[in-house]
2 protein chains.
Amino acid sequence: MDKTLKRMATMQRMQVTGLELFYKKGYYNTSVDDILKELSLSKGAFYYHFESKEDFFIQIIENLLVRKMYSMLIEPIEGHENTIDLITNCFEEALETAVHNELDFGFVLSNFVNEFNGKNEKVMKHLNDILRIWEANLVSAIQRGKFNGYIDRHVDSEGVAVYLMSAYIGVRTLMVETAPSARKYRFMSQLRQYFKSLEPKPENAFNRD
Amino acid sequence: MDKTLKRMATMQRMQVTGLELFYKKGYYNTSVDDILKELSLSKGAFYYHFESKEDFFIQIIENLLVRKMYSMLIEPIEGHENTIDLITNCFEEALETAVHNELDFGFVLSNFVNEFNGKNEKVMKHLNDILRIWEANLVSAIQRGKFNGYIDRHVDSEGVAVYLMSAYIGVRTLMVETAPSARKYRFMSQLRQYFKSLEPKPENAFNRD
DNA sequence: AAAGAAACCGACCGGGGGGTCGGTTCAAAG
DNA sequence: CTTTGAACCGACCCCCCGGTCGGTTTCTTT
């Protein structure tokens with residue numbers, strides 16, 4: 001059907017532009033009209049496709065944010081190669097897009113968490129879901145790393161996961177204004193230093209689970 | 001003068017309540033009337049004491065935020081004792097107030113950075129000033145640590161500072177919703193692990209980047 | 001007690017935002 | 001060509017918010 005195609009296309013356009021503006025100016029500071037003006041569409045079109053601004057935003061989360069998080073921060077660390085390298089490269093690349101001021105979805109997420117925390121429970125539920133997925137995937141990557149001998153068996157997988165997420169979210173906050181490129185470089189150096197402390201200790205003889 | 005005293009008291013009350021609400025609900029989501037209702041004061045009283053909502057907020061930054069940042073995150077690490085212990089304890093205490101959902105000013109700061117970034121240059125200037133002060137103090141604490149033999153000489157002081165700020169800001173974002181106490185515990189464990197990797201190496205060659 | 005000033009009140013204004021709804025366009029089906 | 005309904009338009013409603021301003025209360029001074 002041509003009509004359903006058009007419908008999908010319009011909704012997609014609205015969501016892409018919506019995410020962009022919500023990210024740049026914040027959800028509450030972006031009016032529906034702002035988005036519509038960008039697309040030369042009208043209020044009627046918007047409320048024909050979406051129930052409300054909130055519903056619109058939740059669909060953006062489910063359709064765009066979740067998928068991008070997967071492709072940028074989850075899938076890249078799923079292989080069986082050296083876990084530490086995988087995570088390092090993954091962060092490196094994600095932060096590089098941040099340096100160029102493009103949409104970095106890990107940060108988009110934490111940005112929204114900040115904006116909605118304590119203000120909109122419904123939206124927060126969806127955002128927390130993504131955070132949990134990210135965390136779970138980091139944890140299993142680390143456990144895989146232990147199993148494959150890239151990470152010391154005594155490290156606390158969940159601890160490392162929380163720590164990595166913290167560091168990533170934090171450095172993105174710091175990169176927003178001052179010397180993003182320099183901060184990225186320094187951050188990555190320290191991250192590597194931290195990762196070294198997770199490597200298997202030599203005195204621990206070769207052992208399998 | 002009784003009058004000037006009263007003036008100060010009223011302004012102080014407004015600022016304290018203002019900071020609380022701005023933190024809880026966000027700056028743009030908190031109306032001046034919200035604050036006034038909490039205090040049973042009127043618009044007239046507010047605009048008698050402050051030029052505008054923005055001016056009000058900047059005064060809150062200068063009067064409350066800056067001072068609290070100093071007492072919570074800067075002064076505690078200024079001594080000549082073991083730098084690593086000082087920073088660890090400082091973070092430990094700051095995060096503990098966060099667990100109890102009290103105002104944790106390091107996080108208040110990063111929250112506002114998120115909210116104002118790209119939206120209000122004037123306010124951002126003030127917020128960035130505080131970030132810079134925090135960073136500068138961390139850097140000099142680390143350099144002091146090197147001088148006093150608590151930290152390896154080859155460590156990049158500014159790198160560590162950026163990394164610590166990142167980690168702190170990030171974990172606070174993660175603590176807002178899910179299991180704050182558990183996350184704090186895990187975070188602190190990993191932080192200690194990281195700090196171990198900064199301790200002076202005996203005479204072993206240290207691999208530098 | 002009177003006067004003057006500081007502190008405070010609250011109705012009002014203008015603009016903007018979310019959401020509604022009757023009307024219009026246009027492409028596909030009969 | 002006519003019909004039909006999905007897609008879209010845009011004027012309108014109502015509420016809220018930042019800010020104003022003339023008036024009132026409260027304190028200080030003499």
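Throughout, protein chains are lettered first and strands after them, A, B, ... in sequence-line order, and every chain is numbered starting at 1.
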Note to self: So, using side chain to side chain donor-acceptor pair (under 3.5 Å) as the criterion, who are the partners of B/R144 when residues are at least two apart?
What the structure shows: none
Check: Phosphate oxygens OP1/OP2 of D/dA7: is one of them under 4.0 Å from a side-chain N or O of A/T10?
Finding: no
Next item on the list: Can you tell me the distance, in whole Å, between the NZ atom of B/K53 and the P atom of D/dC16?
Entry: 15 Å
Checklist line | Proximity to DNA chain C (any heavy atom under 4.0 Å), residues of residues 28-46 of chain B only | finding: B/S40, B/L41, B/S42, B/K43, B/G44, B/A45
Checklist line | A/Y48 side chain near D/dA7 phosphate (N/O to OP1/OP2, under 4.0 Å) | finding: yes
Margin query: For D/dG18 and B/S52 - does any side-chain N or O of the residue sit under 4.0 Å from the phosphate oxygens OP1/OP2?
Written below: no
Margin query: With a cut-off of less than 4.0 Å, is there a side-chain N or O of B/H49 near OP1 or OP2 of C/dA6?
Written below: no
Give the table of side-chain donor-acceptor pairs shorter than 3.5 Å for residues 8-20 of chain A, with sequence neighbours excluded, one pair per line with atom names and distance.
unit_1	atom_1	unit_2	atom_2	d
A/T10	OG1	A/K6	O	2.9
A/Q15	OE1	A/N63	ND2	3.2
A/T17	OG1	A/R13	O	3.0

Item checked: B/Y47 side-chain N/O to D/dT20 phosphate OP1/OP2 under 4.0 Å -> no
Notebook entry, point to check: Under the criterion ring pair (Phe, Tyr, Trp, His ring centres under 6.0 Å), which of A/Y27, A/F57, A/Y23 is the partner of A/F112?
Noted result: A/F57
Next item on the list: Scan for side-chain hydrogen bond (donor to acceptor under 3.5 Å, both in side chains) pairs involving residues 31-45 of chain B, sequence neighbours excluded, and state none if there are none.
Entry: B/K25-B/D34, B/S31-B/D34, B/D33-B/K43
Check: In terms of side-chain heavy atoms of A/R7, which of C/dT20, D/dG19, D/dA7 is nearest?
Finding: D/dA7
Next item on the list: Determine which pairs satisfy side-chain hydrogen bond (donor to acceptor under 3.5 Å, both in side chains) with at least one residue from residues 79-89 of chain A, sequence neighbours left out, and list them in order.
Entry: A/H80-A/N148
Check: Restricting to pairs with a member in residues 162-171 of chain B, which pass salt bridge (charged side-chain N to carboxylate O under 4.0 Å, His left out), not counting sequence neighbours?
Finding: none
